[in-house]
Protein chains: 2
Amino acid sequence: MEMIEHDKRKCPSHLSGDECTARLLPVKDALDILSGKWKLQIILSLTFGKKRFKQIQREIPGLTPKMLSKELKELEINELASRHVYDTSPVTVEYELTPYGKTLRPLIGELHKWGTKHRKRIIARK
Amino acid sequence: MEMIEHDKRKCPSHLSGDECTARLLPVKDALDILSGKWKLQIILSLTFGKKRFKQIQREIPGLTPKMLSKELKELEINELASRHVYDTSPVTVEYELTPYGKTLRPLIGELHKWGTKHRKRIIARK
DNA sequence: TATACCGCTTTCCTAAAGTATACTGGTATC
DNA sequence: GATACCAGTATACTTTAGGAAAGCGGTATA
């Protein structure tokens, strides 16, 4: 039996393998921001207004303070959320999406759009 | 010290907590499709034409056959890639992005757009 | 017969992500 | 004094993702 002719194309010739992966880095960055078990829910929670720590935790069943704390820190580091401490008693800490954080919305919208179609497709198939 | 007035908004009033998480499901679906250490690279590799198993593996340094096999199966299950076996010797198996799989491109484009801005922002800050 | 290629699978292992549970310091309330 | 709330932290554990190495069935080639 004879061999089949194979397309040897890998990346377009003007891109080295390294350049290919380099182009993927920003995509991975964006993905990392949104991945993790609780990130989306937390971001969603904050899109409806500023929230206190306990308030977020209560809204999201199963979310432990450790995870919430960790995820909020990541959002802060990435300048997507801001933290405000008020000297009340008991102390009040509020989290809020930054204007920059709100730029995620269209992106999440796109994910939602594609995901919705995909859901229909996969569910319909079964 | 007095308490601060807190915004009691959680989800918009017409959405229950459950509906909120339901709206996130499609987003998670889309995210799951793209997350994992090798998915993007494999998809990218396939956007440049159909490829054989070993060919993909050679293109992506560090990718083990186990992982490649697993990821390709997931892509197949989700109808994003198709698998064609040819009765040559040694056997030839080709993978290809389906037309449906190609609908990921604009989505990945959006992730790339946001990720690029984010990269600039975070690197500039340091 | 020995070796090599293809397209995988199997087994075992490590590292990272996430969970459960308890606890802290500070203030207020019973 | 005991208890409760807030905003977390600390420690130990489990679960999942991914990696390393070997092997398999089939065919070809030296």
Side-chain angles (χ1 to χ4, degrees), chain A residues 1-8 21 24 28 31-43 45-46 50-77 81-96, chain B residues 1-8 21 24 28 31-43 45-46 50-77 81-96:
Chain A
M1 242 147 223
E2 61 188 334
M3 287 293 281
I4 286 178
E5 256 307 289
H6 284 105
D7 192 339
K8 293 294 186 301
T21 58
L24 283 181
K28 287 197 173 158
L31 241 29
D32 280 351
I33 295 284
L34 298 174
S35 69
K37 195 169 172 187
W38 305 103
K39 281 268 174 55
L40 275 174
Q41 286 175 81
I42 294 169
I43 291 170
S45 165
L46 292 180
K50 44 183 153 177
K51 296 274 171 64
R52 297 177 62 172
F53 191 91
K54 266 281 144 110
Q55 209 176 349
I56 302 172
Q57 207 196 323
R58 269 190 299 257
E59 274 180 35
I60 306 178
L63 176 54
T64 62
K66 178 185 163 187
M67 275 297 121
L68 178 53
S69 170
K70 191 195 124 214
E71 306 278 53
L72 285 171
K73 269 174 196 156
E74 283 181 43
L75 290 176
E76 244 199 295
I77 285 171
S82 55
R83 182 175 181 269
H84 309 281
V85 184
Y86 300 99
D87 190 12
T88 53
S89 64
V91 63
T92 299
V93 181
E94 279 185 348
Y95 292 90
E96 189 176 9
Chain B
M1 242 148 224
E2 61 188 333
M3 288 291 281
I4 285 178
E5 256 306 290
H6 285 104
D7 192 338
K8 292 295 188 298
T21 60
L24 283 180
K28 287 197 173 158
L31 241 29
D32 280 349
I33 296 282
L34 298 175
S35 68
K37 194 169 172 187
W38 305 103
K39 281 269 173 55
L40 276 174
Q41 286 175 82
I42 293 169
I43 292 171
S45 164
L46 292 179
K50 45 183 153 180
K51 296 275 170 64
R52 296 177 62 174
F53 191 91
K54 267 279 145 111
Q55 209 176 348
I56 302 171
Q57 209 197 321
R58 270 191 298 258
E59 273 181 35
I60 305 177
L63 176 52
T64 63
K66 176 187 161 184
M67 275 296 122
L68 177 53
S69 169
K70 192 194 123 213
E71 307 278 52
L72 285 172
K73 268 175 198 154
E74 283 181 42
L75 290 175
E76 243 200 296
I77 286 171
S82 55
R83 182 175 182 270
H84 308 281
V85 184
Y86 300 99
D87 190 12
T88 53
S89 62
V91 64
T92 301
V93 181
E94 279 184 347
Y95 293 89
E96 189 176 11

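Note that this is a predicted model, so its numbers are computed, not measured. To find a chain, count down the sequence lines: A is the first, B the second, and so on, and within it residues start at 1.
In this structure, of dA7(D), dG7(C), dA28(D), it is dA7(D) that holds the atom nearest to the side chain of K54(A).
For dT19(C), neither phosphate oxygen OP1 nor OP2 lies less than 4.0 angstrom from any side-chain nitrogen or oxygen of T64(A). The shortest distance between the side-chain N/O atoms of S69(B) and the OP1/OP2 oxygens of dT9(C) is below 4.0 Å. Side-chain nitrogen and oxygen atoms of K70(B) include at least one within less than 4.0 Å of the OP1 or OP2 phosphate oxygen of dG18(D). Residue R83(B) places at least one side-chain N or O closer than 4.0 Å to OP1 or OP2 of dC8(C). Residue K66(A) places no side-chain N or O under 4.0 Å from the OP1 or OP2 atom of dT11(D). Regarding contacts with the backbone of dT9(D), a side-chain N or O of K73(A) is found under 4.0 angstrom from either OP1 or OP2. At the phosphate of dA7(D), OP1 or OP2 sits under 4.0 Å from a side-chain N or O atom of R52(A). The shortest distance between the side-chain N/O atoms of Y95(A) and the OP1/OP2 oxygens of dG8(D) is below 4.0 Å.
T88(A) contributes a side-chain N or O that, together with a main-chain N or O of P90(A), makes up a donor-acceptor pair within less than 3.5 Å.
What separates CE of M67(A) from C1' of dT21(C) is a distance of 14 Å, to the nearest Å.
Between L72(A) and F53(A) the shortest side-chain heavy-atom distance falls below 4.5 Å.
Mapping G62(A) and P65(A) onto DNA chain C by nearest heavy atom places G62(A) at the nucleotide closer to the 5' end.
Here the rule is side chain to side chain contact (heavy atoms under 4.5 Å, CB included) with Y95(A), and of R83(A), K50(A), Q55(A) only R83(A) fits it.
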